[in-house]
Each structure stands twice: as structure tokens, then as C-alpha cells.
Amino acid sequence: MSSFLKKVTDKTISRRSFLKATAAGTAGLALTGCGSVLAPAGGKINAVGEEQGEWISAACWHNCGGRCLNKALVVDGVVIRQKTDDTHEDSPDYPQQRGCLRGRSQRQQVFGADRLKYPMKRKHWQPGGGDKSLRGQDEWERISWDEALAYIADELNRVKKDYGNRSILHIGGWSSRITDISRTLGLYGGYCEYWNTNSFGSWAMTPKTVGFMQLGVWDQTVNDRFDLRNCETIIMLSMNPAWSAMGSSSWHYRQAKKAGAKFIGIDPFFNATYSMLGAQWVPVRPSTDAALLLAIAYVLITKDHPTLNPLIDWEFLNKCAIGFDAEHMPEGEDPKGNFKDHVLGTYDGVPKTPEWASEICGVSEDQIEKLALEFRKDKKVAFICGMASGRTRNSDNLPQLIMTIGAMTGHMGKSGHMTGSTMHATSGNGGPALVCAGSNGLPGIPNPVDDSINAGQVWDAILNGKYNFTGSGDFTSADQYKPGEERDIDIRIIYHSGGATLQTNDGMTKGIEAHRKVDLVVSHSQFVTTNSKYADIVLPVTTEWEKIGGFSGGTLVHSGNREMIIMYSQISEPLYEARSDQWIAIELAKKLGIDEKEAFPFDEKQQFFNALASTTVVNEDGKTYGPLVTITQEDIDELGVTGKPQTGKITYRELKEKGVYQVKRYPGDNYGYIAYEDFVRDPENNPLSSESGKLEIYSRKLAKTINDMGFSTIQPIPSYIKPAGGFEDTFQEWEGKAKGEYPYQVINPHYLRRSHTVFDNVKWLQEAWPNPVFLNTNDARDNGLADGDTVLITSPYGKILRNACLTERVRPGVVALPHGAWVDMDEKTGIDVGGADNILSGQIPTGQGVSGFNTGIARIEKYTQSKLIPDVEKAARIVFQEGV
Ligand SMILES: Nc1nc2c(c(=O)[nH]1)N[C@H]1C(S)=C(S)[C@@H](COP(=O)(O)OP(=O)(O)OC[C@H]3O[C@@H](n4cnc5c(=O)[nH]c(N)nc54)[C@H](O)[C@@H]3O)O[C@H]1N2
Ligand SMILES: Nc1nc2c(c(=O)[nH]1)N[C@H]1C(S)=C(S)[C@@H](COP(=O)(O)OP(=O)(O)OC[C@H]3O[C@@H](n4cnc5c(=O)[nH]c(N)nc54)[C@H](O)[C@@H]3O)O[C@H]1N2
Ligand code: SF4
Ligand SMILES: [Mo]
């Protein structure tokens, strides 16, 4: 730590006096507005020129690819600066948990002038809906919390009485069951759920069913980060950790590069990751990976020779997999249905040759042959995949096919060999969490209503009153993936309590129409997000900086990397009239006549303490776990909670000051991880999650489950299924290859400026990262487009504008449209000048209910009416000025 930083941290004011100072700041705020908090003040310098204040661990709570340590320097209640992890020296083996550009701009978001200040009502809304067509264009009226909650409670009561609880659609982002309001609504008799496969696409259900899963989660089928350094070749498919897994992931891949690994990237976009790693590029078309991989299997099968050219690991296949050939089919199944004969075209007359695949996937025959040989069994190969290629339609067999290639070449269960998915915060670092986040201890509250609508049908269901019920969509539920059942549904209320769903779900054009149909739309939010723009009642919620504190990291799925946990603290009192989601859930419960103590038996402070006390950490043996935090009676008294003192590895005070606990690692420590190691050594005694306990190249259950669900059909073995809205649909006529009305394919890379939709409104980030569309230079030229031109992008579902960024890094025929821009619809022209990706996507659920974000088609043309101005020059969405 520099001597300057040390001086600053030594000059801490006590926690109590800080909160007092903040309280004073916010008391002033009520009279004078937020001026003192918003001022871009310099530090407060004392008489001897030292800067004063306290560095406090500040939450960065978004669904991005990282969970990084951010700290805020707070002087007299004002955040004047931010920094990231400097709690220990940085090194590749024991890296700091460094924040990204977004996290470092967090204070611009929290204290932004566009924060929602008061509860609001749409001017022309009345009980029953009022003028519904004005949603998205109406004026806002400031109302009191009491009025807002009364309106909502009255409408809930009316709809419940007239239509029943299943007419209340509760959307909580990732899951309808996890937000605070779900507790209140659960006790109120329930609500209709919304479910989605979001990040996972076809990795949501396929891996578990075919045995391609470890540790009970999707993305732990790769070895831990130190083992990446033992690989000779690292083949990446649809991965971009340099943008989408900020934090340490890219650092880990770079260590593998330093140790001599060669990288290959299979992707329509030669992105920042491949560029950083000097990867060879295999420019596959979107949604066609299955065709490419089938041809790789073809080359492996036809070129393999046990002594002269050993490509396939027959021993591994025989021991660990079923369904590869006629001799290894499950009992009772037709031996002709095996994978090898499908690839060779023995019975369907279509050998899946490089020539066959090349026409579909766009990779040359020569490159397919060379790529296939890279997988050879006698090399140390990692075949690692992000899930973007599974966020495509009709891709249910893709994870199974990736597994099949890994099994054919034996790249599993050994050091230097791995096959699997790795994405988001766990990218490049498989293995069980070494620090496990605790639980807040709130008892679960069930939802008495069993309706649950898939993301790909939800807007259609509201508009047409019908949907395909396939069981609960909640990831924690055992009642998922049931045979489809057509149900009538009459949604009257849309209640958004989390997520940015109108913006991030497929089919936004229809979504807007659906929002204009119902009687009431409620939205909790911090800004005029898309959900709120089209709502009737908007409730301003606090950010994590205004809450008592909490934890991020430490659990397995997408919460953080496996080696650390972050504990953040309160930075500011709630701004303006913003309240927490939990406060709203409690107050609404009171209005609905529900016992709020049943919904929340203890307060947020006690919930924080419960999580603190139940956080565990691995012991030195690498196997057993014990409590992480040492808590004294004094701590308990100071927090004002009930609990018992305990002994752990770090005191509560130290954890609070540092903000992070990280397990110190070194190569050869006890925390390494080789996925499938036990299974490959002894498959009989270490069965996998599939029906047979083996890797199922033929999976009866996968085909049956998906085909029974009724969205679309698959075979038990991996095959290429023409995706709905894929490459083939860019043609008017496939045989003659005449291009159609929408000749380009669209993909949505996750973008550095934002975490999905979050941060999109931050001016600093808008300035640093504009909102372009990436076009191949030749495609642009063909359409008369130059760099910087405004492009009108039209799909079968909607129209948007973006400015063109010309590049050779996107393969011809593909439009790469960075994900997450906020819609800004020009109601006169029907063109979204905000450039929202989902204005272009449609509602077509396939297979296991997958969202087809990376399966889209469009045309591009120069927009001549006007030129888009950069976002940074657009006015912020400020509804009420300070103090109004
Ligand atoms: N076209 C296209 N669409 C996609 C994708 C794509 O690649 N292409 N990717 C998909 C993927 S992988 C995912 S995971 C989803 C993500 O979809 P979402 O989860 O809907 O996206 P976010 O933008 O992260 O939404 C988080 C919202 O929560 C709000 N928020 C933050 N803190 C709080 C709080 O304390 N309380 C409340 N009530 N709200 C809060 C934020 O302001 C923001 O509006 O998007 C999917 N959508
Ligand atoms: N900055 C930032 N980081 C994020 C997020 C964010 O919004 N912003 N979101 C977070 C979330 S929730 C998630 S799920 C992850 C997503 O993380 P990723 O899945 O890594 O992110 P993407 O950018 O969607 O896609 C990665 C690559 O897949 C390629 N790709 C797209 N379609 C196909 C295809 O059909 N085949 C092949 N072979 N490649 C394809 C894209 O061109 C891109 O280069 O990112 C997380 N990290
Ligand atoms: S990667 Fe995510 S958690 Fe880390 S600083 Fe960036 S926005 Fe925050
Ligand atoms: Mo995601």
C-alpha cells in the first residue's frame, strides 16, 4: 500500500460518527436536495495537508462476470473517490479482486441525478387501467408512499376477487420466487410465475440429464485455474471473458498462455479475448456449432488409426459413455440409433462430412479438418465453452455434443485435459467454493399458485390468453420440465419486483404491447428503467450502498469466484424517499391484511448477522469446512442482534475493514480440482447425474423430456436441427441460395459498458464506450455504409438504430449488436432510437424453453433521416429535479 493510501486509511473516523455524519447529510438533503451528496468534491484536507475520511467496502451487486472489491472514500457523508483491492500484493497465484470500469464508476450511478426520488403514478392511470395506450408516453405524478401502496393493494384485492391469484403475474428477474415481494404475495394466496433460461440457454437442463455436470451445477466441468497452465491447446467456443468475466478470469488464461498453451477461438466474433490470447480464429456462423462439431466427429472417426494416427480414446469411450456406437447402446433401444452411424450417415444417407458442415456453418472444409486434429487424444487439450452458443434456438443437443467430442478424445478427468462450460464469474476456475456464503435464515414461503410461463411465451400469453404449462420454471424446484399442458390465462397485473425483464426478455415489441393490455403494471426501480417507463406505479428502491450491508461471492453459481467472499457495508442513508424492497414488501403486507411478521420474522440486521455467522471456509486439508468469521459478544451487542459468539479465521472487524476474505493459493496446494477425476477412475462407484450414471451420448431421458414439453423436438443423440430464425432463414430459398428479406444473422455480445441494462445510464461510461453495432467491413460496403453512419436494423419483429463500427473481426454475414441498451421508442416511426437488442428478437420458445438471443435475422441499411447523437449527449431521464 502506498504511504499516501496508508495515511488515508489510518485517518479513519469511527463507524458511528460516520453514520451520524451521513444522517446529518441526509437530514440536510430533505431541505436542500441532494446537492451536498452529488457535489464532485475533492477530498477534505486538514491543516497539515492530509486527506481525511474512511475507505468503506462498497457493494458492486450486479449480474456481471465479476464480484470485485470496491471501496469508497467517504468524507463527511460524501463519497469523493473509489478504489479497488489493495489488501495484498497482486500476483498471478494470489490475485487481487480488482474492479472494472463499471464498478469504479459506481458512485456516478448511485448518486446520479436520474435516481428515482419519489413514488410515482402515471397521470392517466386509474384503477382498472385508465388510458392504457399511454403507457410509456404519459406524464408522471408524484404520490406519497401511502397512496402508492393503497393503489396497489386495492387493485390486487379487486383482481384477486374477480379473477383469482393466477391473474397476478409476478416477475422477479431470474426467478419469481426470490424477491422480497414473493413472500408477501405467497402469503396473499400466490401469483403466476415467469421463468427463463437466461444465461444458460440449453445448458440449463441438458448437462444434468446427460451426465455432463459436476458438483450439482452447470459450470464446474472444467479443472481449476492452476491446471489451465498444464494444457497444450485450449479450444474456446463462444467465450469472451475479457468482456464478460471481469475480475481475475482473463488473468488466469494469460498464465496458461505464458506457460505455452496455444489458443483457438470458435466464434463468429474475433473478440477481445481471442485477440489478447493470440488465438487462431474459427469463424463459425451463429447457431450452427452443432454442424461444425458433427463434422469434427466425422473427421475423428474416419481418420483415426489405433497406431498410425490415434485420435480417439476408445478406452475412455468404452468405459465412460453410452450410445457412441451400436455396441454401446442402452438396452431396449434400436442399435441403429447410435451416434457413430448418424455421423457416418449409415442409415440417413447424409454423412456429416466437412463439406456437409461447411455449407451450414461457414467454416472451410480445410479448417474443419485441421481443427478436428487439434482435439487428438495424445495432446493435452482443454475444450471450454461459454453458454452464448446455447442461448440459441433448437440447441438442446449442443452441450451433449460438446461432451461427446470430449469423451471421444478422452479430454476429461485428468490434469491438462478438460471439457465443459465455464462462464461468468467462475470462468477458467472450476471447483467447489472454498468460501461458502451463509444464509439469512428466513424460512421459505411457498407459492400456492402453480402457473409458470416461459420467457418465450410470456408476452404472447398476456396478449392471447393461452400458454404451454411445463411445470415450475424455478431452478430450485423439482417440478420442472413436465409434459406440456395448454392452459388459459388472464393476466391482469404485471408486478416487476426485480430484473429488467421487459428489456432483457425476448420479444420486447410484443412485451410493450402486453404491458399496454393489463389493468396495472407495478415496478420497483432505481431509475426510469424500461420496466418503469411502461409501468403505472413506480416505487423507488434503495441501492446496496444505502442498505445495512451484505455479501457477494463465495457461492458456486455466478456469485463470485471460488476463492473469496466480499462483505460490504453501508455507504449512505437511503436517498430521497427510496426504500428497500423488503420495506415495501412489509408495508404492502400490512395494507393487504397479512401478518408481516410471518413474511419477515426478523429484521434486515438479523438477516445480515445470520449470513455472517453461517459463512464457512475450507480448512487446510482442502476437504472440511468451518466458520469463517470470529464474532464476539461485543460485536453482537454493537449490531443489536441475537446470536452466539464463535471462532473462525478472521474477526468481524477485520473483515469489515478489509471488505474481503480470500483463500491464499499456490500451485500444488490442497484446493486444486480435476473435474470427473473420480468418475473416470472408477465409473461404477462414482456415477454421474444421468439415468445410466455415464456420459450419455444417447439420452433417452433428454429426448423424452424435451419432446414431451412440446415446444420443439430433438433426437436422443446429438444432431443438427435447423434453428428457428437461423442462417437458413436468411435465404428466400435455400437450394438456390437466393438471399431473403433479412439476409444477416444477429448476435448480442455482452458489453463492457453495461452489465446487461445496468450502468447504461452512467455518463462516464457512455463517454468511454459508445453504443455501436459491429459490422463486417464488406457487408457494410455492400449496403453503402461507412464507419460511424447511422444504421437502421430491421428484423421481422422491430426496428432499431445504432451507429456503425466497421471491423474485420465480425465474420461476414453477421451483425454483432452489443446487449443491454435501453429502449427509446419513437412512437411516430416505430423505430427504437435507443437501439435495444430485444426489439429485434421474437417470442419463439424451443426445446427446454430456451431463449434464442443469439438466433436472430435482420437487414441493415443506411438511415438517412437524421444521425444518432452519442448517448453521452442525450439528456438523462430525470423525472423530478432535486427538491421538487
Ligand atoms: N437480446 C439479449 N437478451 C438477453 C441476453 C442476450 O445476450 N441478448 N442475455 C440474457 C442474460 S444471459 C441474462 S442473465 C439476462 C439478465 O436480465 P436481467 O436480470 O433482467 O438484467 P439486469 O439488467 O441485470 O436487471 C437487473 C435490474 O435490477 C435492478 N436493480 C438493481 N438493484 C436492485 C434492487 O435492490 N431492487 C430492485 N427491485 N431492483 C434492482 C437494476 O436497475 C436492473 O433494472 O438478460 C438476458 N437477455
Ligand atoms: N460486461 C459485461 N459482462 C457480463 C455481462 C454483461 O452484460 N456485461 N453479463 C454477464 C452474464 S449474466 C452472462 S450470462 C455472461 C455471458 O458471457 P458470455 O456468454 O461469454 O458472453 P457473450 O458476450 O454473450 O458471448 C460470448 C461469445 O460468444 C459468441 N457467440 C454468440 N453466439 C454464438 C454461437 O452461436 N456460436 C459460437 N460459437 N459463438 C457464439 C459471441 O460472439 C461472443 O464472442 O456475461 C456476464 N458478464
Ligand atoms: S466486474 Fe462487476 S462486480 Fe466487478 S467491478 Fe465490474 S461491475 Fe463491479
Ligand atoms: Mo446471464
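These numbers come from the heavy atoms of this one structure, side chains and all, not from hydrogens, waters or symmetry mates. Just so you know, ligand 1 is whichever comes first in the structure, and atom 1 is the first atom listed for that ligand.
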* Which of the numbered atoms in ligand 2 are below 4.0 angstrom from a heavy atom of Asn854? -> 31 (C), 32 (N)
* Under 4.0 Å to a heavy atom of Ser287 - the qualifying atoms of ligand 2, by number -> 34 (C), 35 (O)
* With heavy atoms under 4.0 Å as the rule, classify the contact between His424 and ligand 2 as side chain, backbone, both or neither. => side chain
* **Pair Arg754-Asn771, side-chain donor/acceptor within less than 3.5 Å** => yes
* Member of Met387, Gln848, Met213, Met423 meeting the side chain to side chain contact (heavy atoms under 4.5 Å, CB included) criterion with Trp203 -> Met387
* Could a heavy atom of Arg285 be found less than 4.0 Å from some atom of ligand 2? -> no
* Sole candidate of Asp85, Asp90, Asp86 that passes salt bridge (charged side-chain N to carboxylate O under 4.0 Å, His left out) when paired with Arg98 -> Asp90
* Using a cut-off of 6.0 Å, state whether more than 12 heavy atoms not belonging to Lys208 lie near its atom NZ. => no
* Tell me which part of Asn63 gets within contact of ligand 2: side chain, backbone, both or neither, using heavy atoms under 4.0 Å. => both
* Answer yes if the side chains of Ser202 and Ser395 hold a donor-acceptor pair under 3.5 Å, and no otherwise. => yes
* Asked: Can you say whether the rings of Phe774 and Trp243 are parallel (under 30°), tilted (30 to 60°) or perpendicular (over 60°)?
  -> tilted
* Asked: Is Thr392 reaching over with its side chain to a backbone N or O of Ser287, donor-acceptor style, under 3.5 angstrom?
  -> no
* Does some non-hydrogen atom of Gly820 fall short of 4.0 Å from ligand 2? -> no
* To do: Would you mind telling me if ligand 2 is within reach of the side chain of Ser755, the backbone, both or neither, using heavy atoms under 4.0 Å?
  => backbone
* Asked: Do any heavy atoms of Arg102 fall under 4.0 Å from ligand 2?
  -> yes
* To do: Give me the ring orientation class for Phe270 and Tyr274: parallel if the planes are under 30° apart, tilted from 30 to 60°, perpendicular past 60°.
  => tilted
* To do: Give a yes/no verdict on whether any heavy atom in Pro749 is under 4.0 Å from an atom of ligand 2.
  => yes
* To do: Below 4.0 angstrom from a heavy atom of Ser199, which ligand 2 atoms are there? Numbered from 1 as shown, please.
  => 12 (S), 14 (S)
* To do: Go through ligand 2 atom by atom and flag the ones less than 4.0 Å from a non-hydrogen atom of Ile747.
  => 32 (N), 42 (O)
* Report yes or no: does Ser795 contribute a side-chain atom to a donor-acceptor pair with the main-chain N or O of Ala858 at less than 3.5 Å? => no
* Classify the ring geometry between His750 and His756 as parallel (under 30°), tilted (30 to 60°) or perpendicular (over 60°). => perpendicular
* To do: Check which protein N, O or S atoms are less than 2.8 Å from atom 8 (Fe) of ligand 3 and report how many there are.
  => 1
